[in-house]
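Input: a single structure, listed below in structure tokens.
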Amino acid sequence: KPYEFEVQRLEAALAEAEQNLPQAKATLDAATADVDRLTNQLTYAQVEYDRTEKLLKAQAGTQDAFDQATRNLNIAKASQRQAEAEKERARLAANANLPNGENVNVAQLKAQLQTARYNLDQTTVRAPVDGMVINLQLEPGLIVRPGDPVLTVVANPDGVVVVTMSDPYEWAEPSVG
């Protein structure tokens, strides 16, 4: 069961990763819009700073107004830098693709899922030939190593012949019929 659970877990993770691709694009779009908004705020804060600085130099403005404009400009610059960093993070997440265009996370999960399916397949015992099992030494949950004898198969390429004899003395004189 652990191998089956791992396959199921990875199938769910792959589905989630594939669903997250459009969400990553939307996050990038939102981050781009946020940068644009904060760029406008920074431009306004710079204009206000320049205006209050001129007024202060001309002794027509107050030191408090200039200090407030300075604080607003510094806050706008910091917000702008943070928004640019968020936009870059979103861009990297949305465009994390291999040269073939496949998303890196999706490709990793596909490879892990392929390995998990192989491991699950290795838990199935298969006879090397068609025939009848006459000595089965396997039980569910038993762990065996490669090369351990776990069953005996009598090969019968022509099909299985079933003989039913009710009288054990019939063995003494078999006849074709």
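Hydrogens, waters and symmetry mates play no part in the numbers below; they use all other heavy atoms, side chains included. On a predicted model such as this, the values are computed, not experimentally measured, just so you know.
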Quick one: do Gln137 and Leu151 satisfy side-chain contact (heavy atoms from CB on, under 4.5 Å)? Show the steps, please.
CA-CA 6 Å; Gln137 298 177 15; Leu151 57 91; over 6 Å; no

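- Here Phe5 contributes atom CZ and Leu10 contributes atom CG; the two are 13.5 Å apart, rounded to the nearest 0.5 Å.
- Gln46 is listed as a side-chain neighbour of Tyr49, based on a closest heavy-atom distance under 4.5 Å.
- Not one N or O on the side chain of Asp34 forms a donor-acceptor pair closer than 3.5 Å with the backbone of Ala30.
- Distance CG/Leu21 to CG/Asn103: 4.5 Å, rounded to 0.5 Å.
- Between Glu4 and Leu120 the shortest side-chain heavy-atom distance falls below 4.5 Å.
- Taking 4.5 Å as the limit, every side-chain heavy atom of Glu53 sits out of range of all side-chain heavy atoms of Glu48.
- The CG atom of Asp121 lies 12.0 Å from the OH atom of Tyr3; values are rounded to the nearest 0.5 Å.
- With contacts defined as side-chain heavy-atom distances shorter than 4.5 Å, the pair Lys54/Arg51 does not qualify.
- No side-chain donor-acceptor contact under 3.5 Å links Gln68 and Asp64.
- In terms of heavy-atom proximity, Ala31 sits nearest to Ala90 at CB-CB, 4.3 Å.
- Residues forming a side chain to side chain contact (heavy atoms under 4.5 Å, CB included) with Asn20 (at least two apart in sequence, or on another chain): Glu16, Gln23.
- Note on Val106 and Val7: same hydrophobic cluster, where clusters join Ile, Leu, Val, Met, Phe, Trp and Tyr whose side-chain heavy atoms are under 4.5 Å apart, directly or indirectly.
- Within the 4.5 Å cutoff, side-chain heavy atoms of Leu56 are placed close to those of Gln63.
- Contact detail for Thr52 and Ala69: the closest heavy-atom pair is OG1-CB, 3.2 Å.
- Heavy atoms of other residues, nucleotides or ligands lying less than 6.0 angstrom from CD of Gln114 number 12 at most.
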Run the side-chain contact (heavy atoms from CB on, under 4.5 Å) test on Leu14 and Lys110 for me, step by step, so that the C-alpha distance in whole Å, both residues' side-chain angles and the decisive distance to 0.1 Å come before the verdict.
CA-CA 7 Å; Leu14 178 59; Lys110 283 181 178 180; 3.9 Å; yes

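- The structure places CD of Gln41 at 12.0 Å from CG of Leu73, a figure rounded to the nearest 0.5 Å.
- Clustering of Ile, Leu, Val, Met, Phe, Trp and Tyr side chains at separations under 4.5 Å places Leu98 together with Val104.
- Smallest separation of non-hydrogen atoms from Leu38 and Ala83: CD1-CB, 3.4 Å.
- Within a 6.0 Å sphere centred on CD of Gln122, other residues, nucleotides and ligands contribute more than 12 heavy atoms.
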Given Glu84 and Arg81, is the side-chain contact (heavy atoms from CB on, under 4.5 Å) satisfied, shown in steps?
CA-CA 5 Å; Glu84 288 287 348; Arg81 284 191 303 269; 5.7 Å; no

Please assess Glu11 against Arg117 for the test salt bridge (Lys or Arg N to Asp or Glu O under 4.0 Å), listing each intermediate value before the final yes or no.
CA-CA 10 Å; Glu11 286 173 341; Arg117 286 181 175 152; 2.9 Å; yes

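- Side-chain atoms of Gln80 come within 3.5 Å of backbone atoms of Thr39 as a donor-acceptor pair (strictly under, hydrogens ignored).
- The shortest side-chain heavy-atom distance between Lys77 and Leu42 falls under the 4.5 Å cut-off.
- Ion pairing between Lys25 and Asp29 holds under the 4.0 Å rule for side-chain N and carboxylate O.
- The distance from the CG atom of Asn105 to the CG atom of Asn97 is 10.0 Å, given to the nearest 0.5 Å.
- Scanning all heavy atoms of the two residues, the minimum distance from Ala116 to Glu6 falls at CB-CG, 4.0 Å.
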